[in-house]
Each structure stands twice: as structure tokens, then as C-alpha cells.
Amino acid sequence: QVLLVESGGGSVQAGGSLRLSCAVSLYPVTNRCMGWFRQAPGKEREGVAQMSNADASSYYADSVEGRFTISQDNAKKTVYLQMTSLKLEDSGVYYCAASQRWSPCHDSFAPSDFTYWGQGTQVTVSS
């Protein structure tokens with residue numbers, strides 16, 4: 001059973017924008033930490049943004065602060081990542097992730113904080 005499905009990836013020129021979506025089939029969807037990670041070839045998976053859907057608090061990696069925005073629509077069971085002013089180094093496979101229910105977002109913002117993962121969507125930024 002696929003519980004998280006990402007969409008919205010694609011190719012864009014530097015400076016452009018993309019919005020990624022993550023359809024969440026977990027039940028219930030509430031009281032979890034939702035996150036977006038990315039992985040470039042030959043590099044470790046890194047956290048991009050995370051949000052608590054209990055209180056809507058969010059956290060961003062320094063590399064994307066001010067350019068990316070994580071949001072969620074609990075009614076639609078969808079988490080979004082709005083990406084603007086894209087840079088070449090933003091390229092990679094982007095993964096949506098969810099924690100166990102009642103597990104808060106952690107300052108560590110590590111992949112091990114999350115239990116459920118999507119299959120990823122490719123984002124390619126070109127010059």
C-alpha cells in the first residue's frame with residue numbers, strides 16, 4: 001500500500017518555481033510531523049523542510065530558507081512544497097515523509113525521524 005505519493009516535479013530553469021504535492025493516505029493524517037527531503041546523485045538524503053500538522057510550526061534548512069515554503073491541507077490530505085528562486089543545487093529527487101502519529105518534529109530533522117516515505121519526484125534545475 002502506497003501511503004505517500006509525490007507529484008509536481010520536473011525540469012525548470014534557474015530562478016524558476018515549482019510546487020510539489022504529496023498525497024497522504026495515512027489515517028489519521030493529523031498529529032504528525034510531515035517533511036520534505038531531497039537527494040542528489042552521490043549525496044546523502046538531506047532535510048529541506050518539515051512541518052508539524054498539530055500546530056503548523058515549520059522548519060527549513062538554511063539552504064532553502066526564504067525560498068521554499070511547506071504547507072498542508074488536512075482536508076485534502078496533501079502536503080505541499082512551494083519552491084521559488086530555484087538554483088542548480090536544488091536539483092535532486094524530492095521525497096515526502098511522515099512520522100508516526102503523535103511523534104513531533106525533531107530538531108535533528110533526520111531521515112530516521114520519519115517512518116513513512118514516498119517514492120520521490122525528480123526536480124532538475126538547469127542554467
Using every non-hydrogen atom in the two residues, find where [X] and [Y] come nearest and quote the distance to one decimal.
X	Y	result
Ser57	Asp55	OG-OD1, 2.7 Å
Gln50	Cys33	OE1-SG, 3.6 Å
Val125	Ser91	N-OG, 2.8 Å
Ser52	Cys105	N-SG, 3.5 Å
Ser58	Ile70	CB-CG2, 3.9 Å

Establish whether [X] and [Y] are linked, either directly or via other cluster members, by ILVMFWY side-chain heavy-atom contacts under 4.5 Å.
X	Y	answer
Tyr60	Tyr80	no
Tyr95	Phe114	yes
Val29	Met51	yes
Val93	Val123	no
Met34	Leu3	yes

### Task
Under the side chain to side chain contact (heavy atoms under 4.5 Å, CB included) rule, collect the residues that match up with Ser11, sequence neighbours excluded.
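Partners of Ser11 under the side chain to side chain contact (heavy atoms under 4.5 Å, CB included) test: Thr124.
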### Message
List the residues meeting side chain to side chain contact (heavy atoms under 4.5 Å, CB included) with Ser103, not counting sequence neighbours, and say none if there are none.
### Response
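Once residues adjacent in sequence are excluded, the partners of Ser103 under the side chain to side chain contact (heavy atoms under 4.5 Å, CB included) criterion are Ser99, Gln100, His106.
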### Query
Going by heavy atoms in the side chains, are Ser7 and Ser21 under 4.5 Å from each other?
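Result yes, sub-4.5 Å side-chain heavy-atom pair found.
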#### Entry: Enclosure of Asp107 CG (heavy-atom neighbours >12, cutoff 6.0 Å)
no
### Task
Check salt bridge (Lys or Arg N to Asp or Glu O under 4.0 Å) between Arg19 and all other residues, then give those that pass, not counting sequence neighbours.
none
#### Entry: All salt bridge (Lys or Arg N to Asp or Glu O under 4.0 Å) counterparts of Arg38, not counting sequence neighbours
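Salt bridge (Lys or Arg N to Asp or Glu O under 4.0 Å) list for Arg38, sorted by chain: Glu46, Asp90.
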### Message
Between Thr30 and Asn74, is there a side-chain donor-acceptor contact under 3.5 Å, judged purely by atom types and distance?
### Response
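No donor-acceptor contact under 3.5 Å links the two side chains.
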### Task
Show your working on side chain to side chain contact (heavy atoms under 4.5 Å, CB included) between Leu20 and Thr121 and close with a plain yes or no.
CA-CA 8 Å; Leu20 305 183; Thr121 185; 4.0 Å; yes
### Task
Assess whether side chain to side chain contact (heavy atoms under 4.5 Å, CB included) is satisfied between Ser108 and Asp113, documenting all intermediate values.
CA-CA 8 Å; Ser108 55; Asp113 296 338; 2.8 Å; yes
### Task
Compute the ring centroids of Trp36 and Phe68, then answer whether they are less than 6.0 Å apart.
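No, too far apart.
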### Task
Could you tell me whether a side-chain N or O of Lys77 sits under 3.5 Å from a main-chain N or O of Leu26, the two making a donor and an acceptor?
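Such a contact is found between Lys77 side chain and Leu26 backbone.
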### Task
Could you please spell out the steps behind the side chain to side chain contact (heavy atoms under 4.5 Å, CB included) verdict for Val48 and Tyr94?
CA-CA 9 Å; Val48 174; Tyr94 280 70; 4.3 Å; yes
### Query
In Å, rounded to the nearest 0.5 Å, how long is the span from OH of Tyr116 to CG of Leu4?
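Rounded to the nearest 0.5 Å, the OH-CG separation comes to 9.5 Å.
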### Task
Only one of Val79, Asn53, Thr115 passes side chain to side chain contact (heavy atoms under 4.5 Å, CB included) with Arg32; say which it is.
Asn53
### Task
Name all residues meeting the ring-ring contact (aromatic ring centres under 6.0 Å, His included) criterion together with Tyr59; count only those two or more places apart in sequence or in a different chain, and write none if there are none.
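Partners of Tyr59 under the ring-ring contact (aromatic ring centres under 6.0 Å, His included) test: Phe109.
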Taking distance alone, no hydrogens or angles, what donor-acceptor pairs closer than 3.5 Å link side-chain atoms of residues 81-89 to residues at least two apart or in another chain?
unit_1 : atom_1 : unit_2 : atom_2 : d
Thr84  : OG1    : Arg67  : O      : 2.7

